[in-house]
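First the structure, in the form of structure tokens, and then the observations on it.
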Amino acid sequence: DPNSLTRDNQPITIRNDTEYQPKEPYHFTDAVSDNAVKFISEHSDDKPFFMYVAYTAAHWPMHARVRDIKKYEGVYDGGYQGIRKARYEKMKAMGVISKDAELSPAVGKWASVEDKEWEAACMEVYAAMVDQMDQGIGRIVEALREEGKLDNTLIMFMQDNGGCAEAGGRVAGGKRKLRAASPTLPVIPDDLQHYQSSAPSQTRDGYPVRRGHVMPGPADTYIGYGRNWANVSNTPFREYKHYVHEGGISTPLVVHWPKGFQAKDELRAEPAHLVDLMATCLDVANVEYPKKLGNNPLTPLEGLSLEPVFQGQQLDRELIFFEHEGNRALRIGDWKLVAKGRHGKDDVKWELYNIGDDRSEMHDLSAVEQERFKRMQDLWKEKAAAVQALPWPESKPKKAKSKPKKTNQQK
């Protein structure tokens with residue numbers, strides 16, 4: 001479950017965890033970091049280890065410590081457009097995007113925001129969440145250093161998608177108001193059912209969870225930062241999490257491995273995909289991916305090892321395939337076919353872009369490159385069937401419900 005820690009295949013709650021009791025109030029981000037450090041200290045021998053550290057930050061609900069939020073007070077008072085433009089210019093200066101990259105259209109007008117204090121606070125808390133996660137990653141890195149394993153450990157960091165435009169509790173409730181604590185509220189037992197709830201109605205100490213126009217940060221709130229700030233997070237690209245335009249799928253991959261390659265503070269423009277991470281881990285560990293598990297054949301590995309990219313080489317890749325909740329894309333070299341869609345629906349409007357020249361997907365070339373456009377659509381369908389993205393779940397025939405036979409009395 002995305003909201004629970006697990007140790008030795010057993011779900012952990014705050015109350016039943018005898019191994020980890022933090023000195024200050026419990027924060028899930030810190031719990032993830034601290035348990036990762038604990039894992040490293042318990043593997044102090046020379047045996048290889050693998051660790052997948054899956055933070056829930058930065059994601060709604062936006063909870064952060066007061067001390068971290070204070071670092072960002074006033075930082076976002078300038079609003080969406082100014083911050084987005086500054087990020088755009090910084091990305092060009094750093095070489096993250098090309099100097100001629102276009103800035104996609106902005107959404108939201110800061111001048112039209114009624115409660116600017118609240119809106120800016122949403123981004124302040126989001127930044128504090130990233131800060132808290134970064135502090136935890138620093139502790140993990142330091143634990144590796146103390147064990148003498150940092151230089152020979154391959155570290156790969158990435159986010160799972162672009163900024164989220166979903167309302168995430170922002171529209172529920174009324175005007176912003178602060179609620180005084182009420183000792184008469186019942187405390188919800190910290191049992192497994194409550195622990196795994198992704199959107200609880202109450203906090204663990206029994207207070208109602210507030211949504212809507214409430215200040216983010218405290219544990220009794222449950223809201224996201226909204227579409228306008230997501231547009232800022234996804235600078236300079238179009239769309240958001242859920243979609244497979246660049247704003248929904250582009251994320252940095254930060255790699256550190258001093259004994260594995262000599263590059264330092266260098267950028268690589270080679271496109272990669274999540275499926276490449278397993279292939280990379282297997283490659284650097286000199287492990288073959290099995291063809292079957294027991295008597296059951298396994299689906300062949302899809303990804304490519306990124307180890308050559310670490311060394312500055314290019315990959316010999318046929319294509320990169322995307323499908324997420326009906327949204328779909330196919331990339332071959334610099335050419336990207338992309339469409340918004342839904343499961344069970346094939347009547348989508350496909351678009352075609354040359355990502356090398358137009359990373360922000362501003363100029364649809366489908367009318368100009370008609371042959372390529374058609375060929376890539378056919379290839380997407382072929383690949384979708386091969387990886388079992390098709391047929392759509394909704395298109396599978398439903399079992400007919402058996403009706404009870406009528407008796408003479410029912411007729």
Side-chain angles (χ1 to χ4, degrees), residues 84-104 130 154-163 231-241 243-258 260-284 301-322 324 327-338 351-365 369 372 376 379-380 383:
R84 193 167 184 258
K85 183 70 183 301
R87 292 187 180 189
Y88 171 62
E89 296 298 339
K90 183 177 181 179
M91 292 172 75
K92 288 195 294 183
M94 293 176 64
V96 175
I97 57 176
S98 63
K99 294 189 180 300
D100 60 353
E102 293 184 61
L103 183 62
S104 65
V130 175
L154 171 61
I155 301 174
M156 295 184 285
F157 170 82
M158 63 174 292
Q159 285 280 43
D160 61 344
N161 47 248
N231 180 238
V232 175
S233 291
N234 295 340
T235 304
F237 306 129
R238 289 174 52 200
E239 303 301 343
Y240 316 91
K241 168 191 173 180
Y243 302 105
V244 290
H245 286 74
E246 292 297 287
I249 61 172
S250 294
T251 172
L253 175 63
V254 183
V255 182
H256 181 269
W257 189 23
F261 55 85
Q262 299 302 313
K264 183 178 180 181
D265 299 330
E266 294 183 16
L267 292 174
R268 300 282 188 262
E270 188 76 12
H273 191 282
L274 178 67
V275 296
D276 296 329
L277 297 189
M278 176 180 278
T280 303
C281 291
L282 294 175
D283 181 29
V284 300
L301 196 66
E302 282 286 332
L304 298 178
S305 172
L306 299 178
E307 199 275 337
V309 181
F310 302 159
Q311 313 296 345
Q313 303 170 24
Q314 292 183 319
L315 299 179
D316 183 17
R317 189 194 296 274
E318 177 191 7
L319 54 81
I320 302 178
F321 171 86
F322 303 88
H324 182 243
N327 300 292
R328 57 207 83 173
L330 186 76
R331 180 163 173 172
I332 301 177
D334 283 339
W335 290 97
K336 180 181 175 183
L337 179 79
V338 61
E351 304 163 6
L352 181 67
Y353 301 97
N354 187 312
I355 297 298
D357 299 331
D358 179 26
R359 182 80 187 278
S360 300
E361 298 169 315
M362 299 292 290
H363 306 284
D364 184 0
L365 300 177
E369 295 278 345
R372 185 191 306 273
M376 290 183 70
L379 188 55
W380 185 91
K383 186 66 176 177

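Values reported hereafter were calculated over all heavy atoms of this structure, with side chains retained and with hydrogens, waters and symmetry mates removed.
Atom CG of residue Leu277 and atom CG of residue Leu282 lie 11.0 Å apart, to the nearest 0.5 angstrom. The distance from the CG atom of Leu267 to the CD1 atom of Ile97 is 12.0 Å, given to the nearest 0.5 Å. Going from atom CE of Met94 over to atom CD of Glu89 covers 13.5 Å, rounded to the nearest 0.5 Å. Here CZ of Arg331 is found 9.5 Å from CE of Met376. Values are rounded to the nearest 0.5 Å. Note that the CD atom of Glu270 and the CG atom of Leu315 stand 4.5 Å from one another [nearest 0.5 Å].
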Kindly indicate, with the supporting measurements, whether the criterion side chain to side chain contact (heavy atoms under 4.5 Å, CB included) is fulfilled by Ile332 and Leu379. CA-CA 10 Å; Ile332 301 177; Leu379 188 55; 3.6 Å; yes
For Met156 and Cys281, what are the C-alpha separation, side-chain angles and deciding distance, and is it a side chain to side chain contact (heavy atoms under 4.5 Å, CB included)? CA-CA 10 Å; Met156 295 184 285; Cys281 291; 3.8 Å; yes
Please step through side chain to side chain contact (heavy atoms under 4.5 Å, CB included) for the pair Lys383 and Glu302, ending with a clear verdict. CA-CA 11 Å; Lys383 186 66 176 177; Glu302 282 286 332; 3.2 Å; yes
Take Asn231 and Tyr240 through the side chain to side chain contact (heavy atoms under 4.5 Å, CB included) test and state the conclusion after the steps. CA-CA 7 Å; Asn231 180 238; Tyr240 316 91; 4.0 Å; yes
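Taking both residues in full, the closest heavy atoms of Pro236 and Ser104 are given as O-OG, 2.8 Å, listed atom of the first, atom of the second, then distance. The shortest non-hydrogen separation linking Leu352 to Asp364 is N-OD1, 3.0 Å. In terms of heavy atoms, Ile320 sits closest to Pro271 at CD1-CB, 4.1 Å. Here the shortest heavy-atom pairing between Val255 and Leu154 reads CG1-CD1, 3.7 Å. Across all non-hydrogen atoms, the minimal contact from Gln311 to Gly260 is NE2-O, 2.8 Å.
Under the rule for a ring pair (Phe, Tyr, Trp, His ring centres under 6.0 Å), Tyr88 has no partner lying at least two apart in sequence or in another chain. Remark: Phe310 engages Phe261 in a ring pair (Phe, Tyr, Trp, His ring centres under 6.0 Å) (not counting sequence neighbours).
Ring pair His273/Phe322: centre-to-centre distance below 6.0 Å.
Under the 3.5 Å distance criterion, the side-chain polar atoms of Asn234 are left unmatched by any main-chain donor or acceptor of Gly248. Panel note: side chain Asp276, backbone Ser305; no donor-acceptor pair is recorded below 3.5 Å. A donor-acceptor contact shorter than 3.5 Å is absent between the side chain of Thr251 and the backbone of Asn161. Under a 3.5 Å cut-off, the side chain of Thr280 and the backbone N or O of Leu306 do form a donor-acceptor pair. Looking only at distances, no side-chain donor or acceptor of Arg87 sits under 3.5 Å from a matching main-chain atom of Thr235.
You'll find the side chain of Ile249 stays beyond 4.5 Å of the side chain of Phe237, heavy atoms only. With a 4.5 Å cut-off on side-chain heavy atoms, Phe321 and Val275 do not count as touching. Looking at Arg268 and Leu253, their side chains never come closer than 4.5 Å, going by heavy atoms from C-beta outward.
More than 12 heavy atoms of other residues, nucleotides or ligands lie within 6.0 Å of NZ in Lys92, so this atom counts as buried by the packing criterion. Within 6.0 Å of the CD atom in Glu318, the count of heavy atoms belonging to other residues, nucleotides or ligands does not exceed 12. In this structure, Met278 places its CE atom where only 12 or fewer heavy-atom neighbours from other residues, nucleotides or ligands lie under 6.0 Å away. Annotation: Glu266, atom CD; neighbour count of heavy atoms from other residues, nucleotides and ligands within 6.0 Å is above 12.
Counting only residues at least two apart or in different chains, side chain to side chain donor-acceptor pair (under 3.5 Å) contacts with residues 352-361 comprise Arg238-Tyr353, Glu246-Arg359, Ser250-Arg359, Lys336-Glu361, Glu351-Tyr353.
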